[in-house]
Structure formats: C-alpha cells, structure tokens
Amino acid sequence: MTEAAGDARTPQYQYVLVETDGPVGIVRLNRPKVLNALCRDLIEELADAMTAFDRDEAIRCMVLTGNERAFAAGADIAEMADKGLADVTRDDLLGAWQRLWRIRKPVIAAVSGYCLGGGFELAMGCDIIIAAETAQFGQPEIKIGVIPGAGGTQRLTRVAGKYKAMEAILTGRMIPAREAEAWGLVTRVVPAEECLAEAVRLAHEIAKMPPIAVQMAKAAVLQAYETPLAAGLEYERRLFYSLFATEDQKEGMRAFLEKRAPQWRGR
Ligand code: CAA
C-alpha cells in the first residue's frame with residue numbers, strides 16, 4: 001500500500017515527489033516540462049529526500065525514478081548557460097551532488113526515456129539500474145561545449161571500459177537500453193510498463209534482508225571502485241568480521257541451522 005505524499009515521513013518538495021510503499025522509499029523527479037532537467041534546487045531537494053529516507057529506520061531500500069519520457073535529460077542548461085568560472089567555482093555548482101553519493105541504503109534507479117548527461121550520472125550513482133526498453137543513455141555534454149561533471153568520465157569508464165566510454169563521451173551519441181545492457185551499464189532491461197513495478201519489487205526483496213548487512217554489502221561493493229584489490233579485500237574482510245557483532249548474524253545462522261525463516265531486528 002502506498003502512503004500519500006505530504007505526511008510527516010513524506011514531506012512535500014517542489015521538484016521531487018516522495019512516497020513510501022512499506023519499507024521502500026520512492027522518489028520521483030518532477031520537472032516534466034523540461035524533461036526533469038536537474039537544476040540545483042532539484043538536486044538539493046533530492047538529497048534532502050534521500051537523506052531523510054536514509055535516516056528513517058522503517059525504510060530499507062529506495063527507488064529513484066522519472067517519468068515515461070525522461071529519467072532526466074541532464075543538468076539544467078538554462079541555469080548554467082551564462083555562468084563563468086568564478087560563478088561555478090564560488091557557488092560549487094555541482095557540490096550538492098556529493099550528498100547523493102553518501103546515501104548508505106541501496107538505491108535502485110528505474111529508468112525510462114532520456115537518461116542523459118547529469119541524468120545518466122545520477123543513474124550510475126545508484127546501486128542497481130532497471131531500464132525500460134525505451135531508455136536512452138548518453139553523455140552529450142561535448143555537444144554543448146563541456147564534459148560530464150558529475151562522475152560520467154569516471155563511472156562510465158570503470159563500468160564500460162576506456163574504448164566504449166571514450167566513444168560515448170567524445171561523440172555524445174545516445175546508447176539504447178539493449179546496448180547499455182551489453183556494456184554492463186544496467187542490471188536488466190524490462191518492458192516500459194513494468195519498469196517501476198520491477199524496481200519496487202526488487203526493492204521489497206532487498207528490504208527483507210538484514211539491514212546492517214545490506215548497508216555493509218553496499219559499502220563493500222562500492223569500495224571495489226575506490227581501492228586496489230588487496231585493500232578492497234582487506235576492507236571486505238573487516239566488514240565481514242564486524243557483522244559478527246550483530247544480533248542478525250546470530251539469528252540468520254541459527255535460523256538456517258534450525259530450518260526456519262529468520263526474524264531480522266536490524267541490530
Ligand atoms: N536543461 C534544460 N532544459 C532542458 C534540458 C536540459 N538539460 N533538456 C531538455 N530541456 C528542455 C528543452 O529546452 C525544452 O524546453 P522548452 O519546451 O521550454 O523549449 C523541453 O525540455 C523539451 O525538450 P526538447 O524540446 O528539446 O525535446 P526533444 O524531444 O526535441 O529532445 C532531448 C529531447 C534530445 C533530450 C533534448 O532535449 C536535449 O538534447 N536535451 C539536452 C541534453 C543535454 O545536453 N544534457 C546534458 C546537460 S549538461 C550536464 O548534464 C552536465 C553534467 O555533467 C552535470
């Protein structure tokens with residue numbers, strides 16, 4: 001059952017719509033007239049909404065989505081066009097995006113339609129990407145005289161490799177969902193009408209898992225991007241050991257041995 005937006009757990013925002021479906025927090029980008037162009041206030045609101053879900057013990061997993069036509073067509077070009085170096089540096093134009101990368105609970109992107117520039121970077125910053133057959137990915141910044149600025153040159157290259165990333169970023173061409181899947185850029189492709197439902201279904205599946213272990217699993221996988229293999233393996237082993245301090249580890253292992261379903265307490 002979906003809770004109506006606007007109560008204490010789901011405050012109203014101007015550019016994002018927030019709702020809950022049991023333990024799943026759903027955030028929808030909401031500037032449809034401009035294909036969900038990511039203005040600064042939208043990113044601030046998105047970070048506020050996701051941080052609130054991150055702190056809410058009742059929420060175990062999040063879904064981030066747009067609409068049928070666009071997940072998001074990038075940063076807001078109208079907002080940036082007249083700015084100079086001094087402006088973007090002083091105002092730290094993309095600074096608020098850092099808040100998104102600090103979310104500890106899993107975030108699933110449900111992507112339909114255009115997923116371009118900052119929109120693609122936002123999706124790549126999520127943990128799982130469910131793409132509709134209609135999804136079109138791309139880093140078109142080169143066509144407007146800049147380069148990706150919210151992670152595209154780094155995340156795309158790490159996932160797709162130098163040669164795929166280089167072509168995408170130097171030409172700005174759109175990459176259809178099936179091609180993105182072949183590049184390893186999306187978790188799976190589904191019919192457009194099933195995209196959000198599939199993301200929410202998956203979020204519910206993750207929400208059933210022990211929450212502390214889920215957060216540590218996310219942290220461990222993300223560490224694979226940050227460190228050389230030996231340091232990543234060490235980090236993973238230490239997180240693994242630390243889970244033996246949780247009640248959920250005792251419960252999970254005992255339940256297995258006693259052939260019953262575990263009762264997670266998040267402790
Ligand atoms: N910023 C601001 N407005 C945007 C926008 C953006 N990124 N993308 C689309 N819009 C607006 C259009 O200006 C248009 O507004 P009006 O109706 O007021 O004219 C409206 O959304 C609908 O767009 P189109 O008429 O262009 O729709 P289309 O179907 O003809 O084309 C599109 C769709 C190919 C996605 C095209 O809109 C487009 O190329 N958008 C820009 C994509 C882009 O360059 N993104 C990168 C931005 S820079 C960035 O993201 C930097 C970073 O790394 C953080």
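Order of appearance sets the numbers: ligands from 1, and atoms from 1 within every ligand. From a predicted model like this one, the values you see are computed outputs, not experimental measurements.
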So is W97 polar-close to ligand 1, meaning N/O to N/O under 3.5 Å?
no

Closest to atom 17 (O) of ligand 1 among protein heavy atoms sits K33 O, 4.5 Å

Is the closest N or O pair between G149 and ligand 1 shorter than 3.5 Å?
yes

### Query
Quick one: does I77 get an N or O within less than 3.5 Å of an N or O on ligand 1?
yes

Quiz prompt | Test of proximity, G118 against ligand 1: N or O pairs below 3.5 Å | solution = yes

E234 bridged to R237 by N-O distance under 4.0 Å:
yes

Atom 54 (C) of ligand 1 has as its nearest protein heavy atom E121 OE1, 3.5 Å

Handout entry: A75-ligand 1 polar pair, N/O distance under 3.5 Å
Key = yes

**Prompt:** Heavy atoms of the protein only: does one fall short of 4.0 Å from atom 45 (N) of ligand 1?
**Reply:** yes

the protein heavy atom lying closest to atom 27 (O) of ligand 1 turns out to be R69 NH2, 3.4 Å

Are any of the heavy atoms in Q139 under 4.0 Å away from ligand 1?
no

Does the ring of W101 carry R155 above it, NZ/CZ under 6.0 angstrom from centre and within 45° of its axis? yes

- Message: Is the positively charged end of R31 above the ring of Y15, judged by distance under 6.0 angstrom from the centroid and angle within 45° of the axis?
- Response: yes

request  = Return yes or no for this condition: an N or O of A73 is under 3.5 Å from an N or O of ligand 1.
outcome  = yes

